[in-house]
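As the structure is a computational prediction, the values presented were derived from the model and not from experiment. Residue indices begin at 1 and follow the sequence shown.
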Amino acid sequence: MQTKKLAEKYKDYVIKMRREFHMNPEASMEEYNTSRRIREELDKAGIENRSIAGTGVIATIKGDHPGKTVALRGDIDALAVIEESGKEYASKVHGLMHACGHDTHGAMLLGSAMVLNEMKDKINGTVKFFFQPGEEVGKGAAAMVAEGALEGVDGVMGMHISSGLPSGTINADPGAKTASADYFKITVTGKGGHGAEPEKTIDAVVVGSAVVMNMQSLVSREFSPFDPLVVTIGSIQSGTRFNVIAPRAVIEGTVRYYNPEFKEKVPAAIERIAKVTAEAYRATAEMEYSNLVKITINDDACTSIAREAAGKIVGKENVVETPPATGGEDFSEFSSIVPGVMCNLGARNEEKGTTYPHHHGKFDVDEDVFVGGVAFYAQYTLDFLDKNKD
């Protein structure tokens, strides 16, 4: 199959680009060097491209035959994680790491652009490549949409590498794929003072801790166990010194769900618990709440094309099914407007030690899967455009 043969041709190139991106991670919406390098590589190949949403890039390849337009998406931002992999291509930026595989997405999308650029005679339409910034903060896709990224686009496909799936497998399931993801911040205000005189204070550390503990019953006692819901406190910041009672505590967390009714119910419940708990301790609590990303729902027709394309690349026996995940994806900003499918590429290899979860300091992937990823991007493109010919 031509897509796979050409993907093999670009294997070393994709690995090289992935390692370059991995060594030079950039924070969400600040991917200046990454996008510059992507544009340099596209320019070398003579592929039309432009900047979008600040640090995003859109590349375009027009096939030799008329037809629809399909977009392929790969995100490019890193995370505030300290790398512990010890690899020769480890992050050079302390405190920033490609701990979710977005370096691989950018590299594989570049590889697919190179492959499809050599296959214009097989393309019935136009391909757009979305190198998307800011996925980890849920802002990049919406910013691209706001600047017209989806104009003229008939379908979109995204792929996420996964250390939870065996190398050589691809997942594409219809229906709900990833959860809605929200962010909240609770600011507790008490009264500071000397650690030796607590009776003269309102201890924000104690109040904040009580808020966190009281919130633990929210999922188990207020919402049905048949409706997936996750409420996680990821950060609590308070105090400056061992013998000073803190006047303020800041609690940050995330909420994940599939039921659209939770969009109103969960924030109300969190705010109620925070305020009533704080009041019981003579403190106050204020909440900020943001809906970051929508539920990602895979279109049936796009999923069918993806499963067929994946079977051509890795074999039907390696096209696997997985339950919906509680992770969030701002790919939903694209797929809620045009038909789309979000897929997963397995990269878990016990022998190579690529078994750590995403967002872990030792996260890494099996680079041998890049050939399949690049070929899958390209094959999906050809099949989508072929099946949607005018």
Side-chain angles (χ1 to χ4, degrees), residues 3-4 6-7 10 14 17-18 35 38-39 41-42 45 47-50 52-53 56-63 67-76 101-120 122-133 135 140-141 144-145 149-161 170 172 177 296 298-299 301-303 305-310 312-313 329-335 337-345 370-388:
T3 52
K4 201 164 183 180
L6 285 172
Y10 286 101
V14 173
M17 293 307 303
R18 179 260 167 157
S35 61
I38 288 168
R39 295 199 67 187
E41 293 300 312
L42 293 168
I47 298 172
E48 176 189 336
N49 65 87
R50 65 184 177 90
I52 188 171
V57 178
I58 290 184
T60 303
I61 293 176
K62 294 181 179 178
K68 302 286 188 179
T69 297
V70 65
L72 305 177
R73 178 270 206 165
D75 39 13
I76 60 175
H102 297 187
D103 52 335
T104 73
H105 303 164
M108 287 190 291
L109 194 57
L110 260 180
S112 69
M114 302 304 161
V115 167
L116 289 167
N117 201 39
E118 294 192 30
M119 298 183 70
K120 290 180 181 177
K122 301 288 194 300
I123 298 175
N124 296 304
T126 300
V127 194
K128 290 185 179 291
F129 304 83
F130 290 177
F131 296 89
Q132 184 209 304
E135 189 279 332
M144 291 183 73
V145 170
L150 289 178
E151 290 177 8
V153 172
D154 300 292
V156 60
M157 180 269 228
M159 180 165 53
H160 204 299
I161 205 154
I170 292 176
K177 179 64 178 172
T296 297
N298 283 346
D299 175 77
C302 292
T303 302
I305 295 170
R307 291 179 66 84
E308 184 179 336
K312 294 175 183 178
I313 302 303
E329 251 293 350
D330 74 348
F331 177 80
S332 57
E333 296 292 336
F334 300 128
S335 61
I337 298 173
V338 300
V341 57
M342 169 55 70
C343 310
N344 293 114
L345 174 68
F370 294 169
V371 170
V374 169
F376 179 48
Y377 265 137
Q379 192 63 50
Y380 179 86
T381 297
L382 299 178
D383 291 356
F384 178 92
L385 293 175
D386 186 54
K387 291 179 183 295
N388 287 281

TODO: Kindly give the heavy-atom pair with the smallest separation between Ala306 and Ala172, and that separation in Å.
DONE: CB-CB, 3.9 Å
Open item on the list: Ignoring hydrogens, what is the shortest heavy-atom contact between Ala149 and Phe130? Give both atom names and the distance.
Closed with: O-CZ, 3.3 Å
Open item on the list: Working note: Met144 + Phe334, criterion side chain to side chain contact (heavy atoms under 4.5 Å, CB included); need CA distance, chi angles, decisive distance, verdict.
Closed with: CA-CA 9 Å; Met144 291 183 73; Phe334 300 128; 4.2 Å; yes
- [ ] Just say parallel, tilted or perpendicular for the rings of His105 and His160, cut-offs at 30° and 60°.
- [x] perpendicular
Task: Expected output: side-chain Lys4 to main-chain Ile313 donor-acceptor under 3.5 Å - done: yes
Task: Residues that Thr69 engages under side chain to side chain contact (heavy atoms under 4.5 Å, CB included), provided they are two or more places apart - done: Thr126, Lys128, Val153, Asp154
Open item on the list: Is there a side chain to side chain contact (heavy atoms under 4.5 Å, CB included) between Tyr377 and Leu116? Walk through the geometry before answering.
Closed with: CA-CA 9 Å; Tyr377 265 137; Leu116 289 167; over 6 Å; no
Open item on the list: Using every non-hydrogen atom in the two residues, find where Phe331 and Gly158 come nearest and quote the distance to one decimal.
Closed with: CE1-N, 3.4 Å
Open item on the list: Does Lys312 have more than 12 heavy atoms from other residues, nucleotides or ligands lying within 6.0 Å of its NZ?
Closed with: yes
Task: Nearest non-hydrogen partners of Ile61 and Ile123, listed with the distance - done: CG2-CD1, 4.2 Å
TODO: Check the pair Thr3 / Val374 against side chain to side chain contact (heavy atoms under 4.5 Å, CB included), numbers first and verdict last.
DONE: CA-CA 8 Å; Thr3 52; Val374 169; over 6 Å; no
Task: Backbone of Phe384 reached by a side-chain donor or acceptor of Asn388 within 3.5 Å - done: yes
TODO: Kindly indicate whether the side chain of Ser112, heavy atoms from C-beta on, has any atom under 4.5 Å from the side chain of Phe376.
DONE: no
Task: Asp383 side chain to Ile305 backbone, donor-acceptor under 3.5 Å - done: no
Task: Closest contact, heavy atoms only, Met114 versus Ala45 - done: SD-CB, 3.6 Å
Task: Lys/Arg-Asp/Glu bridge criterion (N-O < 4.0 Å) met for Arg73, Glu333 - done: no
Task: Exercise: identify the closest heavy-atom pair between Asp330 and Gly140 - done: OD2-N, 3.6 Å
